[in-house]
Peer 1: 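Encoded as structure tokens, here's the structure I'll be asking about.
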Amino acid sequence: MEQQNECLAITIQGVVQGVGFRPFVYNLARELGIRGFVSNTSEGLIIQAEGPGLDLFIDRIRQQAPPLSRIEQLEIAPSEPCGYADFSIRESRNGSSFTLLSPDISVCDACLVELFSKTNRRYRYPFINCTNCGPRYSITRSVPYDRQNTTMHVFDLCDDCAAEYHDPADRRFHAQPNACSVCGPKVSLLDAFGNRVDRSDPVGHAAELLKQGGIVAVKGLGGFHIACDVMSHESVALLRQRKRRSNKPFALMSGDLSFIRQCCEMDATEEELLTSPQRPVVLLRKKEKNNLPDEISPGNAYIGFMLPYTPLHYLLFIGNNGESRFPALVMTSGNLSEEPIIHTNEEAVRKLAGIVDAFLVHDREIFMRLDDSVLRVMERSGRSTEQNVPAVSFIRRSRGYAPEPVPLLEDGPSVLGCGADVKNTFAMTRKKYAILSQHIGDMENYETVQFFEETLRNLGDVYRVVPELVAYDLHPRYLSSSWAQEYGKKNGIPLIGIQHHYAHIGSVMAEHGLSGKVVGVAFDGTGYGTDGTLWGGEFLIAHSRGFRRAGHLKCIPLPGGEAAVREPWRVAVSYLRDAFGTKDFLRHIEPTGLCDRIGSKAIEDVLKITENEVFSPYSSGAGRLFDAVSSIMGACDLNTFEGEASMALESLALKDVDEEYPVDIHFGDDIEVDFSYGMLSIVEDLRRGTDRRVMAAKFHNTVASAIIRIVIKLALMNNIRMIALSGGVFQNLYLAEKVVGGLQAEDFAVYLNEQVPCNDAGIALGQAYLAREMMKAGVIR
Ligand SMILES: [Zn+2]
Ligand SMILES: [Zn+2]
């Protein structure tokens, strides 16, 4: 038949470089007897294919593409037959354009088998990897992704490794980090002072130390962890004491799914996420009875677990005779309080001496540091099949996911969004992609700003982005905003401020390609409003070129400003004052027990400060409302880390409670939600001795139904069917599920963040997207 001489030019775009795509195509073509060539170019992967059965060839490319790759576009065009004799891999041609860089991926099953097979030449070699697994973004210094552009350039391939590297039929063909014990990086153990300890088995020795209750810094893929044995309650308590005083939960690593199942509830989605090649930390609900020390995540119903993801982790967990050494290890990120994660051996020794007893280090340099990603599965059972409800939500998007871009609907100018100050990330648009940085951290110290700049420089180079516009948050005291303004001025790039909550809603519009108006519900702690007050419980009518504030929570003074964010009991006093007035205040609030816990003197002082507008800025922050109720119900009076009080409140809430508290909604041009009646009822419930788990549920139900009622009204008034929900408060699954369920029951299309966190880490995407849309529309030039 004619088909014999069919010839096609195939162009594939997406994540296709450094993921074993060319050898995959090569082997497939050979198998099917197809002639031609495959090559990496700046436009993506190009294949010239001649021969019979090209349909099958293309089908199998789509279906069997390498695990790390992602095909975003596959174009097929007929081509003139060239009479190729065979199929070959042609040299990369890299022009001025860009290709997508793969994130770092956990060691694959094939490599794991080799790691523990005594006859393999890489038996127990801690840096085994192949084209389907291993470090990528963290070791890439520039593009194209070739060995000399990674931190592996200092290691010369031995003959065996070189043979694999050059053999298209080999799993390690062009695996840039390819290495073995003869030619590659090595692990070593340092004592508490950073002096090298001479041991034939440094990993085994580190494991021994951990078993004896020691605390060890372990160099991983994106940075250092601080590890200790979970089963040693003393070590966990000691680590908490040494590292910081806060109650921030420690992440755990376990190679044993049955152990995780003993400690936590885990459904199929959660298990799938845990075992995925990205290997994120997954937040799981603790079982009533578990053997874990309370110090892991005090007062929190959830615990973060991850599986080992580097060969070194596996070697730490599995002994020389195949025995399991620990059921789980604490693996908390190696840093000082809010500083970025430590990634060099020198810095680890300098900063962590005094915290750890030893350092398990290696000489493969980490170029780009990355924290562990943290995710949470939405509804545990009976998950809605509605496609708009995401199965998972990001708390932190970093290792395994960054720098994978968020695809946008269409091309546009390059814009830089500098993010917010808490949980900072930045975003750059390039063509039809938004490239998000990994989690940078809280922009409160010099080290974090440095990390921001070093990541921006690297991603800017890799993706060849030259911003034409810089977007920043309106907050006058944000470090990220002043940085943006200085950067814009220095480089002569125009600037635009994007309101915080509008950016939250913008991030949802960007992810889902929403054009047209949406009702946006942005609930978070606080963000700077266009009127100079602190917003945070906002209802917006928004589109990609502007927004209107249509409603909000009633503004309440925050006694002591920032102090009120750290100390929820202060906000509790403010809300209770709003409900009861100041007369006989202490008598009224007696059932809350606040006087016993905080002291009546302190409460009366704060009551006075509340009257003073200079020291008590007004805020409509939804996060503050949750804080206040958490303190009033006695769940948490102090935030030793961000979100602690509201997480404690969510942890308390019982499912299957339908009751609500009263709430006043003043409908008008400016809709206002007033919870003061609710506060009276909460105190009354406390007086009656109502189960606090029921009370916490009632409160969540109240907020959810207030949101639903307001959205229905706004949607009707403005003839809108699309609803966007964002802001850190929607990390609260109890609330998110209630709101989504309620709105879908009314036939609305409900959208939430899926690819980026709904907390302030998503702000950068919203900024970049909205600024770009406005630029495209000519609103700004
Ligand atoms: Zn592998
Ligand atoms: Zn080698």
Side-chain angles (χ1 to χ4, degrees), residues 124 126-127 185-254 293 295-296 306 308-320 325-366 369-372 441 445 447 451:
R124 295 192 74 88
F127 303 95
K186 287 177 180 54
V187 165
S188 48
L189 190 72
L190 314 178
D191 67 14
F193 307 99
N195 301 311
R196 200 174 155 154
V197 187
D198 237 350
R199 296 276 168 177
S200 58
D201 178 14
V203 181
H205 193 69
E208 225 17 74
L209 277 174
L210 287 166
K211 274 198 160 167
Q212 290 159 8
I215 297 173
V216 179
V218 181
K219 188 172 179 180
L221 201 50
F224 274 83
H225 280 122
I226 303 175
C228 74
D229 186 351
V230 166
M231 285 309 153
S232 164
H233 290 229
E234 298 80 32
S235 317
V236 177
L238 187 64
L239 174 56
R240 188 164 288 288
Q241 192 193 331
R242 281 190 194 168
K243 205 187 165 201
R244 55 196 163 200
R245 295 257 154 74
S246 89
N247 295 328
K248 203 168 183 174
F250 287 143
L252 305 185
M253 182 181 278
S254 173
E295 294 92 347
I296 301 282
M306 64 184 144
Y309 53 85
T310 67
L312 182 58
H313 293 151
Y314 278 95
L315 296 176
L316 209 47
F317 274 96
I318 299 170
N320 294 331
R325 282 172 169 146
F326 321 92
L329 287 172
V330 167
M331 279 289 208
T332 183
S333 85
N335 58 1
L336 297 177
S337 57
E338 299 307 319
E339 287 184 10
I341 189 166
I342 292 168
H343 67 307
T344 67
N345 299 352
E346 298 69 35
E347 197 189 5
V349 169
R350 199 171 69 241
K351 290 191 167 165
L352 300 180
I355 294 179
V356 301
D357 305 309
F359 301 84
L360 187 62
V361 300
H362 57 73
D363 53 357
R364 186 178 72 199
E365 199 194 319
I366 297 170
R369 51 188 143 174
L370 296 126
D371 291 82
D372 294 314
N445 49 50
E447 283 78 5
F451 181 23

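Computed from a predicted model, the values in this text were never measured in an experiment.
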Peer 1: Sub-3.5 Å donor-acceptor pair from the side chain of Arg369 to the main-chain atoms of Ile341, do we have one?
Peer 2: yes

Peer 1: Backbone N or O of His362 within a donor-acceptor pair of the Asn345 side chain at under 3.5 Å?
Peer 2: yes

Peer 1: What about His313 and Phe317, are their ring centers closer than 6.0 Å?
Peer 2: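 Here the rings of Phe317 and His313 have centres that are no less than 6.0 Å from each other.
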
Peer 1: To the nearest 0.5 Å, what is the distance between CG (Leu238) and CD1 (Ile355)?
Peer 2: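 Answer for the CG-CD1 pair, Leu238 versus Ile355, is 10.5 Å.
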
Peer 1: With heavy-atom distances below 4.5 Å as the criterion, would you say the side chains of Lys243 and Asn335 are in contact?
Peer 2: yes

Peer 1: Please check: side-chain N/O of Asp363 versus main-chain N/O of Lys186, any donor-acceptor pairing under 3.5 Å?
Peer 2: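 It does hold such a pair.
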
Peer 1: Examine distances only and state if a side-chain atom of Ser235 and a backbone atom of Gly213 form a donor-acceptor pair shorter than 3.5 Å.
Peer 2: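 Between the backbone of Gly213 and the side chain of Ser235 there is a qualifying donor-acceptor contact (under 3.5 Å).
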
Peer 1: Does a side-chain heavy-atom distance below 4.5 Å link Phe326 with Lys211?
Peer 2: yes

Peer 1: Got Thr332 and Lys248 here, is their nearest side-chain heavy-atom distance under 4.5 Å?
Peer 2: no

Peer 1: Do Arg350 and Ile342 come within less than 4.5 Å of each other through their side chains, counting heavy atoms only?
Peer 2: no

Peer 1: Between Leu360 and Val187, is any pair of side-chain heavy atoms under 4.5 Å apart?
Peer 2: yes

Peer 1: Can you give me the closest heavy-atom contact between Ala227 and Met331, atom names plus distance?
Peer 2: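 Minimum heavy-atom separation between Ala227 and Met331: CB-SD, 3.8 Å.
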
Peer 1: Is the number of heavy atoms from other residues, nucleotides or ligands under 6.0 Å of Arg196 CZ greater than 12?
Peer 2: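 For Arg196, atom CZ is not crowded (no more than 12 foreign heavy atoms under 6.0 Å).
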
Peer 1: What heavy-atom pair brings Lys219 and Val361 nearest, and what distance separates the two atoms?
Peer 2: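 Closest approach of Lys219 to Val361, heavy atoms only: CB-CA, 4.2 Å.
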
Peer 1: How close do Leu315 and Arg325 get, heavy atom to heavy atom, and via which atoms?
Peer 2: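 Scanning both residues, the minimum pair turns out to be O-NH1, 2.7 Å.
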
Peer 1: Do Arg240 and Phe250 have side chains that approach each other closer than 4.5 Å (heavy atoms only, starting at C-beta)?
Peer 2: yes

Peer 1: Hey, are the side chains of Leu209 and Asp357 touching, using non-hydrogen atoms and a 4.5 Å cut-off?
Peer 2: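 Counting from C-beta outward, Leu209 and Asp357 never come under 4.5 Å.
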
Peer 1: Do Thr310 and Pro126 make a side-chain contact, defined as non-hydrogen atoms from C-beta onward lying under 4.5 Å apart?
Peer 2: no

Peer 1: Over all heavy atoms of both residues, which pair between Val230 and Val330 is shortest? Give the atoms and the distance, please.
Peer 2: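 For Val230 and Val330, the tightest heavy-atom pair comes out as CG2-N, 3.5 Å.
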
